[in-house]
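Quantities reported herein were computed from a predicted structural model and do not represent experimental measurements. Here, residue 1 is the first one in the sequence, and each next residue gets the next number.
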Amino acid sequence: MKDEVEMIRPMQKTDCSVIARLWRNDLNVPIATDESVRRTFEKMSEDSRYFTYVAEEDGIVVGFITCES
């Protein structure tokens, strides 16, 4: 197993289901659904104050971060 992430990139709409799964499984937020993450992503995408990035390892999203400016 590597100790570093291969890529950090802006989140895309296609990442919503993976992010929802991370919320449920890793962050213990059982109410996070694909749909709720998609709606939030769409709202935040329209607001220039928010930036969400995902971390990929071997082409798989393994983490994310949202920043507000």
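- Using modelled atom types, no side-chain atom of S36 and backbone atom of A32 make a donor-acceptor pair closer than 3.5 Å.
- By the 6.0 Å contact criterion, CG on L27 is enclosed, its count of non-hydrogen atoms from other residues, nucleotides or ligands being greater than 12.
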Original post:
Could you walk me through whether D34 and C16 pass the side-chain contact (heavy atoms from CB on, under 4.5 Å) check?
Top reply: CA-CA 6 Å; D34 294 7; C16 290; 5.8 Å; no
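- Looking at heavy atoms from C-beta onward, I19 lies in side-chain contact with M11 at the 4.5 angstrom threshold.
- In this structure, the side chains of M7 and E57 stay at 4.5 Å or more apart for every pair of heavy atoms.
- When hydrophobic clusters are built by joining Ile, Leu, Val, Met, Phe, Trp and Tyr residues whose side-chain heavy atoms come closer than 4.5 Å, directly or via intermediates, W23 is grouped together with I31.
- Considering only residues two or more places apart in sequence or on other chains, F41 meets the ring pair (Phe, Tyr, Trp, His ring centres under 6.0 Å) condition with none of them.
- Residues D15 and R21 are not paired through a salt bridge, judged by the lack of any N-O separation under 4.0 Å between the basic side chain and the carboxylate.
- Atom CD in E35 sits 5.0 Å away from atom CZ in R39 (nearest 0.5 Å).
- With hydrogens and angles disregarded, no donor-acceptor distance shorter than 3.5 Å links the side chain of E6 to the backbone of E56.
- Residues F51 and I8 fall within the same hydrophobic cluster, defined by Ile, Leu, Val, Met, Phe, Trp and Tyr side chains chained together at heavy-atom separations under 4.5 Å.
- Between R9 and V61, the shortest heavy-atom contact is NH2-CG2, 3.8 Å.
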Let me have the donor-acceptor pairs involving side chains of residues 62-69, under 3.5 Å, with sequence neighbours excluded, atom names and distances please.
| from | atom 1 | to | atom 2 | distance (Å) |
| --- | --- | --- | --- | --- |
| T66 | OG1 | T52 | OG1 | 2.9 |
| S69 | OG | R49 | O | 3.4 |

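- Looking only at distances, no side-chain donor or acceptor of N25 sits under 3.5 Å from a matching main-chain atom of L22.
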